[in-house]
Each structure stands twice: as C-alpha cells, then as structure tokens.
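Mind looking over this structure? Questions follow.
Just so you know, these numbers use all the heavy atoms, side chains as well, and skip hydrogens, waters and symmetry mates.
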Amino acid sequence: MTLTRSFIRIYVVLCSGLAAMLSCQAQTYSILANFNYTNKSPLAPLTQGSDGNLYGTTEKGNTYGTIFRMTPSGTLTTLYYFAETDGSSPTGGVVFASDGNLWGTTNQGGTSSTGTIFKMSSAGSLTSVYSFGASTNDGSAPAGNLVQAGDGNLYGVTSSGGSDGCGTIYQITLSGTYTSKYSFTCSTDGGFPKGGMISAADGNLYGTTSSGGSGNYGTAFRFSLGGTYTVLHAFGGSDGHVLNAGLIQATDGNFYGTTEAGGSAGFGTVFQLTAAGTLTTLHSFTGTDGKTPLAALLQAADGNLYGAADGGGTAGYGTVFSLTPGGQFTLLHSFTGTDGQNPAAGLIEDPAGTLIGVTFGGGANNDGVVYSVTYSASAPAINSNGVVPVYSTVPIIQPGEWVSIYGSNLAAQSATWNNNFPTSLGGTTVTIGGEPAYLWYVNSSQINLQVPDDLSAGSKSVVVTTGSGSASSAVTVASQAPSFSLLDAKHVAGIILRSDGSGAYGGGTYDIVGPTGESLGYKTVAATAGDTVELFGVGFGATNPHVPAGQAYSGAAPTISPVTVYINGTAITPSFAGITEAGLYQLNVTIPSGLPTGDVSLEAAVSGSQTPSGTVISLR
C-alpha cells in the first residue's frame with residue numbers, strides 16, 4: 001500500500017490552512033557571483049541540491065550553453081559545455097528528479113536541431129535522453145522547466161510543433177520513454193507555451209500559453225495525467241497578454257502568475273486565478289516599478305509573492321518586487337546595470353530564507369550575475385484554536401497524533417521531513433506540554449507534526465519557536481481525537497482492495513475510492529456493496545501494541561477501544577481498526593447493501609469521540 005499512503009501524505013501536507021499573509025519588511029540586495037564568457041546569460045531560475053549547492057544553466061556560455069554549479073560562497077564551476085549535437089540554448093533550467101539526476105531541456109540543437117531532453121548524473125555525466133523531431137508531431141523547441149508529477153514521470157511543453165504547429169505537452173519517463181500527450185490548437189487552447197507547468201495539489205498539471213485562445217492573448221490551462229485539457233481562462237488583453245511564465249500555486253490554493261504585456265499601462269500584470277477559472281488582476285506595472293515580467297513568481301516562507309520584472313525601474317534595467325496575495329505591491333530593488341540587468345528568471349528561496357536569482361546581463365562582465373535579496377521575518381503567532389488534528393477544526397488532540405498548527409510566521413522557510421522524525425525543521429521547533437514534537441512539514445502559515453506520545457490528559461501549552469521569537473497557545477489533550485484523512489474538502493481517503501488485479505494502482509491490487517472518473521485529478525472509483533474498503537485517519541486512540549511517536553512503524557496495532565463507522569447512519573464494525581504506519585490509522589470495512597448512491601455521509605466514533613461531520617464516501 002506504499003503508493004496510496006504516500007499519496008495521502010501529499011494531501012496532508014498541502015491541506016489548506018488559515019494563512020496569514022504579511023507585508024514585506026526590510027530587504028538587503030547583494031551580488032553573489034558574476035558570470036563571464038564561460039557561463040554567460042542565464043535565463044532560467046536556479047535549483048538547490050541536497051548538497052547545499054545551486055545548479056543552473058546559461059544560454060550562451062561557450063556558444064551553445066552550459067550547466068553550472070555555484071557553492072554557497074559564490075564559487076562557479078562549469079559542469080558541462082553543450083555541443084550543438086547534444087543540444088544548445090538550455091533556457092529551461094534543471095530540476096532534480098526522484099532518480100537523483102538533474103533533468104532539463106535545450107531549446108535548440110540535437111539530431112534535428114529542434115531541441116533535446118537531457119539528464120546529468122551526480123558525477124557530472126550527461127546523457128541526451130531524447131532529440132525532438134524523432135517522430136511526427138512530437139513538438140519542437142521545448143520551453144520552461146520539466147516537472148515531476150504524482151505518477152513519477154516528468155512532463156514538459158514545447159513552444160512549437162505538434163499537429164497544429166502551436167506546441168505540445170509531453171511526458172518523459174525516468175527510463176527515457178517519450179510520449180507526446182497533447183497538441184495545442186491555437187484558436188481554442190492557446191499556443192506557443194513559453195513557461196513550464198506545475199504539478200498542483202489536486203494532482204493535475206497547470207500551465208500557460210503565450211498567445212492564442214478565444215481572445216488570442218494567451219490562456220491558463222489545466223491538464224490531467226489522464227489526458228484531459230481544460231482552458232481555465234482566456235486572456236482578453238486588458239487583463240494581460242503574452243504569458244511568458246508559468247503559474248505557481250500558493251498556500252491559499254489559488255494560482256498566481258504574470259503577463260508580459262497588457263494591463264492598465266500595457267507593461268504587464270500580476271494576477272490571481274482560482275481553480276474554477278476566476279481571474280483577478282492584482283497589479284499592473286507602470287514602468288517605474290518594472291515592466292515586462294518574464295519569470296514565474298515565488299511564494300516565500302513569509303507568505304508573500306516575490307518576482308522580477310525584466311525591464312523598467314529607475315534605470316530601465318529591471319526590478320525585484322514583492323506582492324501580498326491581497327495585492328499590496330512593494331518595489332524591492334531597481335537594477336542599475338553594474339549590479340545586473342534584465343532579470344528574466346524567477347527567484348528561489350534557500351534554507352536560510354534568502355531569495356536568490358540571476359540576471360541575463362550586467363554585472364562586472366556584462367554577462368549577468370547571481371544575486372540575493374534577504375527580508376526580515378516577524379515573530380511567530382498561532383491562530384485562536386489553531387492547534388487541531390489534521391482535517392479537523394476541533395482543538396482537541398491525542399498523544400501520538402498527526403496535528404496541524406495554523407498561524408503566521410511559523411517558519412522562515414518551507415521544509416518537509418525526510419523520514420527521520422526531526423524535532424527541528426526549517427529553523428522551527430515545537431513543544432507540547434514541554435515535550436518536543438516531531439515535525440513533518442513547516443511553512444509560514446502551517447505546521448504538521450506528530451504529538452509526543454507520553455502526554456497526560458488535560459490542557460497543555462503549545463510553543464512554536466523560530467529564529468525570530470516564540471508563540472504559545474493552549475490545547476486540550478484527550479485519549480482520542482479522531483479525524484479522517486481527506487482527498488479534498490470532503491471525500492475521505494481510502495482504497496478499495498481488488499483481489500482480481502483489476503485496480504488502477506499497486507499493480508492492480510487496489511483503486512482509490514472517490515467519485516468514479518477523474519474529477520479529483522486522478523482516477524477514482526466509487527465503492528459498491530460487498531467491496532472491502534480501507535479508510536485512513538488519525539486519532540482513534542491507544543493501540544495494543546503501543547506504537548511510539550517519533551519512530552518508523554510498519555505493521556498492525558489494533559485499537560484498544562472499539563471503533564464504529566457510520567455510512568449514511570448505518571453502523572458498521574470494522575474488521576480491523578488500528579495503526580498501520582507511524583500515526584496513521586486504518587479502518588477496514590465492507591460496504592453493506594441497501595445504501596444510497598452518490599456522495600454519502602461517512603463518520604466514525606470511538607469511546608464517545610466522533611470524527612468531524614461533513615465527510616463523505618462515494619458509492620454506486
């Protein structure tokens with residue numbers, strides 16, 4: 001069941017919180033390194049490796065482009081010089097995939113001179129994985145970054161080619177198998193995408209096209225891994241046009257992006273887009289605050305959006321700016337040329353909370369620079385009743401339970417555990433009743449953690465500590481605090497076992513239970529009478545054997561107190577209820593006959609404590 005449980009973890013980490021967005025404070029600009037002819041004119045954002053070094057590409061270094069590494073102290077090392085046969089103009093940058101390799105694309109070169117996909121090992125060996133033009137309508141001139149989706153494969157876009165000549169969406173497996181997944185039709189879909197896609201919390205891919213669509217000004221789109229393409233918004237000109245950059249998804253669940261032109265002054269915009277396609281223009285550039293933003297935005301650990309405009313500002317060489325999700329704009333830096341010019345790439349945030357970017361030109365050699373912007377963070381704060389079991393609003397927690405804390409300035413950076421049960425993550429620590437908690441995920445507005453398992457019942461103090469101060473809140477500890485894990489706002493996470501091998505996951509051994517189809521962004525199947533379903537949640541009480549918090553666990557530890565599941569009010573006794581993985585409970589139930597179809601209420605109770613209402617299971 002590893003795939004399913006990993007899948008559930010993604011949704012626990014990304015569950016929506018009561019995000020408090022702060023206006024930015026003091027910033028400091030510094031040049032970290034100057035590029036020269038060897039590594040010249042970067043167009044893509046950097047990527048940070050687990051070794052602490054930064055990795056990136058230059059478009060023009062040594063004629064055909066390079067891959068480089070930069071140490072935290074600013075030492076640049078060329079890792080690879082492209083020769084036109086293996087690709088040229090790597091404009092999309094590099095990303096680390098789950099196989100440990102750096103993956104990227106070149107916009108030109110290769111066997112057909114229309115671009116390549118490459119990977120580089122940790123030892124620095126480069127392999128040209130695919131050359132575009134190898135098959136009919138596979139696309140040409142790949143643009144933007146690659147992204148690894150929930151199925152483990154990498155996805156990208158080409159800015160031209162395909163059946164309509166307007167570009168394609170493609171998949172490349174880690175073993176090197178290329179599949180063209182979709183060809184853009186300019187008049188309806190939009191076309192000529194210039195920015196990469198993102199894998200969003202719902203499992204779908206989201207991106208933009210630079211032109212085309214019903215208004216011929218570009219579109220924002222959603223693409224499911226099953227192949228369904230949906231236009232979310234067709235730009236009309238006044239709300240911006242020419243989308244050079246992709247989207248980001250912020251902690252509020254909305255998408256944010258930039259347009260290169262359009263808006264009230266014609267110099268580009270920053271916009272917010274809901275998953276339903278509602279667009280709000282947050283800022284129109286005037287020229288003095290920047291113009292022609294070409295890069296994707298970044299949401300930093302303080303909750304604000306940060307970006308770069310390629311032009312404008314006091315000297316006309318571009319700017320760095322911040323924006324709250326509510327639309328409060330702050331100009332952070334105007335480039336002068338000597339400190340860099342034309343920041344065409346987006347920013348990243350390092351573990352210390354420093355924002356790092358590159359410029360295409362300027363600096364000591366007029367070949368571009370690596371620069372940093374730091375900002376001051378405020379002391380943390382915990383929301384009222386902001387300490388709750390995951391997917392619950394009831395401020396009662398159980399020892400050993402997975403719990404969320406909501407507030408502001410809870411961490412200086414976003415960080416996720418690496419299966420080592422840390423008590424410090426991203427510069428943040430949490431104690432409950434004086435005992436250190438085990439941190440799973442932290443960002444500015446949310447912490448997910450496992451509660452210490454030796455707490456007694458009663459009111460306990462929760463203390464969050466960062467480098468900027470501490471915040472405390474009180475929470476009630478009880479012997480049970482049940483809550484179901486969810487796939488979205490209401491569908492309970494679970495799987496339907498398939499003994500005949502007909503399932504969509506786990507080599508055919510199970511399906512994910514949900515509305516039949518792909519309405520959640522991946523394949524789900526409604527359960528029917530007789531199906532054995534495993535439901536997942538937290539807080540169902542003590543088990544025998546006891547499973548200690550802060551330790552890996554794999555097995556079956558039944559609950560001491562009996563658990564009852566209610567489907568549409570019908571009481572069902574699970575054949576098993578207990579912990580199967582650290583802090584994660586599993587309830588095995590067989591769906592009885594006589595229940596209605598569709599989304600049906602699902603709750604569970606243990607020793608008088610009940611899961612929050614409003615959750616459902618899909619039946620057919």
Side-chain angles (χ1 to χ4, degrees), residues 12-22 25 251 300-304 349 351-353 375-483 538-539 547-551 582-583:
V12 174
V13 168
L14 295 177
C15 61
S16 60
L18 306 175
M21 304 305 180
L22 309 174
Q25 300 177 22
T251 53
D302 67 350
N304 290 314
E349 185 173 20
Y375 60 86
S376 300
S378 300
I382 301 173
N383 292 342
S384 176
N385 293 330
V387 184
V388 293
V390 293
Y391 296 114
S392 177
T393 57
V394 180
I396 301 174
I397 66 174
Q398 170 193 309
E401 185 171 28
W402 291 112
V403 163
S404 293
I405 299 176
Y406 298 111
S408 57
N409 304 308
L410 299 177
Q413 59 177 343
S414 298
T416 305
W417 73 337
N418 58 2
N419 293 319
N420 62 353
F421 290 88
T423 55
S424 177
L425 188 64
T428 295
T429 61
V430 179
T431 60
I432 303 177
E435 299 283 342
Y438 304 97
L439 305 185
W440 179 351
Y441 173 77
V442 299
N443 71 12
S444 177
S445 59
Q446 181 176 341
I447 299 172
N448 289 343
L449 57 83
Q450 190 179 23
V451 178
D453 61 0
D454 55 354
L455 297 178
S456 59
S459 179
K460 303 295 179 183
S461 177
V462 178
V463 180
V464 175
T465 302
T466 71
S468 301
S470 297
S472 62
S473 181
V475 70
T476 299
V477 175
S479 56
Q480 297 94 21
S483 174
V538 298
V547 179
Q551 296 182 23

What residues form a side-chain contact (heavy atoms from CB on, under 4.5 Å) with T423, not counting sequence neighbours?
->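 Result, side-chain contact (heavy atoms from CB on, under 4.5 Å) vs T423: P436, Y438.
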Heavy-atom pair of closest approach, residues T251 and S445 |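 Looks like OG1-OG, 4.1 Å.
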L449 backbone acceptor or donor facing W417 side chain under 3.5 Å | no
Would you name the heavy atoms of D453 and V547 that are closest together and state the gap between them?
-> OD2-O, 4.1 Å
Name all residues meeting the side-chain hydrogen bond (donor to acceptor under 3.5 Å, both in side chains) criterion together with Q398; count only those two or more places apart in sequence or in a different chain, and write none if there are none.
->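 Residues passing side-chain hydrogen bond (donor to acceptor under 3.5 Å, both in side chains) with Q398: Y585.
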Main-chain N/O of V390 paired with S483 side-chain donor or acceptor, under 3.5 Å =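 Answer holds: yes.
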If you take all heavy atoms of S404 and N448, which pair is closest and at what distance?
->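 Smallest heavy-atom distance, with atoms named: OG-OD1, 2.7 Å.
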Could you pull out all residues at least two apart from T465 that satisfy side-chain hydrogen bond (donor to acceptor under 3.5 Å, both in side chains)?
->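 With neighbours one apart ignored, the set is S470.
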Picking from T431, V442, I405, what satisfies side-chain contact (heavy atoms from CB on, under 4.5 Å) with V464?
-> I405
Is any side-chain heavy atom of V538 closer than 4.5 Å to a side-chain heavy atom of Y391?
->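 No, side chains not in contact.
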Give every donor-acceptor pair under 3.5 Å between a side-chain atom in residues 455-462 and any protein atom, sequence neighbours left out.
| residue | atom | partner | partner atom | Å |
| --- | --- | --- | --- | --- |
| S456 | OG | K460 | NZ | 2.9 |

Mind checking whether N385 and T393 have side chains closer than 4.5 Å, heavy atoms only?
->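 A side-chain contact under 4.5 Å is absent here.
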Looking only at heavy atoms, which two atoms of Y441 and L425 are closest? And how far apart?
->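 Minimum heavy-atom contact is N-CD2, 3.9 Å.
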Is any side-chain heavy atom of V394 closer than 4.5 Å to a side-chain heavy atom of P389?
->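 No - every pair of side-chain heavy atoms lies 4.5 Å or more apart.
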Excluding sequence neighbours, so at least two apart, what forms side-chain contact (heavy atoms from CB on, under 4.5 Å) with D454?
-> E435, P452
Verdict with supporting geometry, T428 and L410, side chain to side chain contact (heavy atoms under 4.5 Å, CB included) | CA-CA 7 Å; T428 295; L410 299 177; 5.7 Å; no
Could you list the residues that satisfy side-chain contact (heavy atoms from CB on, under 4.5 Å) with A471, not counting sequence neighbours?
->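 Counting only residues at least two positions away or on another chain, A471 forms a side-chain contact (heavy atoms from CB on, under 4.5 Å) with P380, I382.
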Could you list the residues that satisfy side-chain contact (heavy atoms from CB on, under 4.5 Å) with S424, not counting sequence neighbours?
->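 S424: side-chain contact (heavy atoms from CB on, under 4.5 Å) contacts with T429.
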